[in-house]
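Throughout, protein chains are lettered first and strands after them, A, B, ... in sequence-line order, and every chain is numbered starting at 1.
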There are 2 protein chains.
Amino acid sequence: MLDKRKIKTRRDIEQALLTLLTKKSFRQITVNDICERSLTSRSTFYDHYDDKYDLLNRLVDRYTQEFKVLASEKFNQVVFSDDQRFAISQITNPLLEDREAINVLLNIHEDQMDLFRNWQNILIGLWSHGLDQVNIVEDVPKDYLIKVNTDIVLDYLIWSLDHNRGNQDAVNLVRKMVVQTFKGNGIN
Amino acid sequence: MLDKRKIKTRRDIEQALLTLLTKKSFRQITVNDICERSLTSRSTFYDHYDDKYDLLNRLVDRYTQEFKVLASEKFNQVVFSDDQRFAISQITNPLLEDREAINVLLNIHEDQMDLFRNWQNILIGLWSHGLDQVNIVEDVPKDYLIKVNTDIVLDYLIWSLDHNRGNQDAVNLVRKMVVQTFKGNGIN
DNA sequence: AACATAATGTTCGAAAACGAACAGTTAAAT
DNA sequence: ATTTAACTGTTCGTTTTCGAACATTATGTT
């Protein structure tokens, strides 16, 4: 993967798909559309990808993986530390780098290629494990706590990506809401 | 020029130069810089251009030519018609298409590759011929009238490109000022 | 002035992307 | 039900781009 031609071809094809996805649905988009917009030939497209599903898959996988690494690394700090420096922006800021691509993909829900659902599942896993390490409020079903905390965080991520910035008040609110799910509202 | 590779290569190289010009001076920019940023190899660069001067030259030429055609076609309408539909936006609007490139190039003043000066000379030529077709105010040197009308128009073009929009009040003012250079302030 | 370092411009075999053609499939339109 | 048109995926000979190497010419430092 050192050859500049391969890098450029993939870049152009990916960008073409992302742009087309803002105009029509994935189903409506043809390989011809992608080739036309990316100025690549059909044969070159198939040199790189099996089909348009493969292409979308790789994009979704990339940002799923990036999120998985980021979220896993920062989860404990973000959730269990009061230190401002470890706020959720540790996760959002790097993602803003690829904001345009991510924003498009988060709204694509093709069977087995759903970035939003992947992120959700990752957060569910992290919260599932995270809530084991802390006392949680009694009488509330744990699976509900996992789900609601996941969505509280996810909604902030989406908002942040959508507006291309953070919001400290929202961050504070996230923290306050999450803490409500901990027994005695104390951390540790 | 049907091959997509050529189109893409030139597109990428041109875009690289334009981006680099927002960061450093043309003199400081090396062919290596351009190749690095455009993801093209040095040998490919020299397949397309003699050197970086040739590259800049072609860009300047392109937008000089575009302006020449536009301005020549629309000059009489813009200057001598009261009809709003023939206002100066007839010239500015098409140029806004390539706003980013043009804005960069208008600020590059390399010997013999100066888009700003080219535009100025084109307008001087048009005004020079245009003022022959109308009575001008007495006692004011004609070459001064040519120059001042040129700059009044040019300043609006620059402003419009810089702000990426038109301004009807400014357009009206341009018209009022220009008419002052006509004898009796009447048109025709 | 001597030196190292960087930029220029050229060459050439290897790799990638190209266009065009093809058969097979899908989907509308008649 | 049949035709038409579009899309898919593949093949192959041609063209372009690539990387690496090279000699040459600035550029600038001690």
Side-chain angles (χ1 to χ4, degrees), chain A residues 1-62 104-105 108-113, chain B residues 1-62 104-105 108-113:
Chain A
M1 250 310 258
L2 269 102
D3 199 308
K4 289 169 175 175
R5 287 170 292 188
K6 291 192 172 183
I7 297 171
K8 276 189 289 186
T9 296
R10 294 195 172 135
R11 175 198 66 186
D12 290 344
I13 287 177
E14 288 174 359
Q15 188 52 58
L17 174 62
L18 290 168
T19 303
L20 285 166
L21 280 172
T22 67
K23 299 182 194 297
K24 42 182 165 177
S25 75
F26 182 68
R27 191 162 321 189
Q28 291 176 303
I29 295 170
T30 70
V31 174
N32 280 328
D33 290 336
I34 297 167
C35 290
E36 197 174 334
R37 174 164 289 267
S38 62
L39 293 175
T40 47
S41 73
R42 157 181 232 62
S43 50
T44 301
F45 179 92
Y46 286 107
D47 281 343
H48 288 270
Y49 307 98
D50 295 337
D51 46 42
K52 67 174 183 172
Y53 301 95
D54 183 35
L55 167 58
L56 179 60
N57 236 320
R58 291 179 195 228
L59 281 168
V60 171
D61 276 358
R62 180 187 309 160
V104 170
L105 294 176
I108 306 301
H109 309 284
E110 286 290 324
D111 182 59
Q112 298 298 80
M113 297 179 293
Chain B
M1 251 308 262
L2 269 101
D3 198 309
K4 289 169 176 175
R5 287 172 291 188
K6 290 190 173 186
I7 297 171
K8 278 189 289 186
T9 295
R10 293 194 172 136
R11 176 199 65 187
D12 290 344
I13 287 176
E14 288 175 358
Q15 188 52 57
L17 174 62
L18 289 168
T19 303
L20 285 167
L21 280 172
T22 68
K23 299 183 195 296
K24 41 183 167 176
S25 75
F26 183 68
R27 190 161 322 186
Q28 291 175 304
I29 295 169
T30 69
V31 174
N32 279 328
D33 290 337
I34 297 167
C35 290
E36 196 174 335
R37 175 165 287 268
S38 63
L39 293 176
T40 49
S41 72
R42 157 181 229 66
S43 51
T44 302
F45 179 92
Y46 286 107
D47 280 344
H48 289 269
Y49 307 98
D50 296 336
D51 46 42
K52 67 174 184 173
Y53 301 95
D54 182 36
L55 168 57
L56 178 59
N57 235 322
R58 289 178 196 230
L59 281 168
V60 171
D61 276 358
R62 180 187 309 158
V104 170
L105 293 176
I108 306 301
H109 309 285
E110 286 291 321
D111 181 59
Q112 297 297 78
M113 296 179 293

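Contacts between residues 30-41 of chain A and DNA chain C, defined by a heavy-atom separation under 4.0 Å, are made by A:Leu39, A:Thr40, A:Ser41.
Remark: A:Lys4 engages B:Leu39 in a side-chain contact (heavy atoms from CB on, under 4.5 Å) (not counting sequence neighbours). For the side-chain contact (heavy atoms from CB on, under 4.5 Å) test, residues two or more places apart in sequence or in another chain that qualify with A:His48 are A:Lys6, A:Thr9, A:Arg10, A:Thr44. A search for side-chain contact (heavy atoms from CB on, under 4.5 Å) contacts involving A:Asp51 returns A:Tyr53, A:Asp54, not counting sequence neighbours. Shown here are the side chain to side chain donor-acceptor pair (under 3.5 Å) partners of A:Gln15, two or more places apart in sequence or in another chain: A:Thr19. B:Glu36 is linked by a side-chain contact (heavy atoms from CB on, under 4.5 Å) to nothing, counting only residues two or more places apart in sequence or in another chain. In this structure A:Arg5 satisfies the salt bridge (charged side-chain N to carboxylate O under 4.0 Å, His left out) test together with A:Asp3, sequence neighbours excluded. By the side chain to side chain donor-acceptor pair (under 3.5 Å) test, A:Gln28 pairs with A:Ser25, sequence neighbours left out.
Applying the salt bridge (Lys or Arg N to Asp or Glu O under 4.0 Å) test to pairs two or more places apart or on separate chains, those with a residue in residues 18-33 of chain A are A:Lys24-A:Asp33.
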Are any protein N/O atoms closer than 3.5 Å to N/O atoms in nucleotides 21-28 of chain C? If there are, list each pair with its distance.
none

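Rounded to 10°, the helix from C:dA1-D:dT30 to C:dA29-D:dT2 has 50° between the axis fitted to its first five pairs and the one fitted to its last five.
Protein chain B touches strand DNA chain D; the 5'-most and 3'-most nucleotides with an atom under 4.0 angstrom of its non-hydrogen atoms are D:dT15 to D:dG19.
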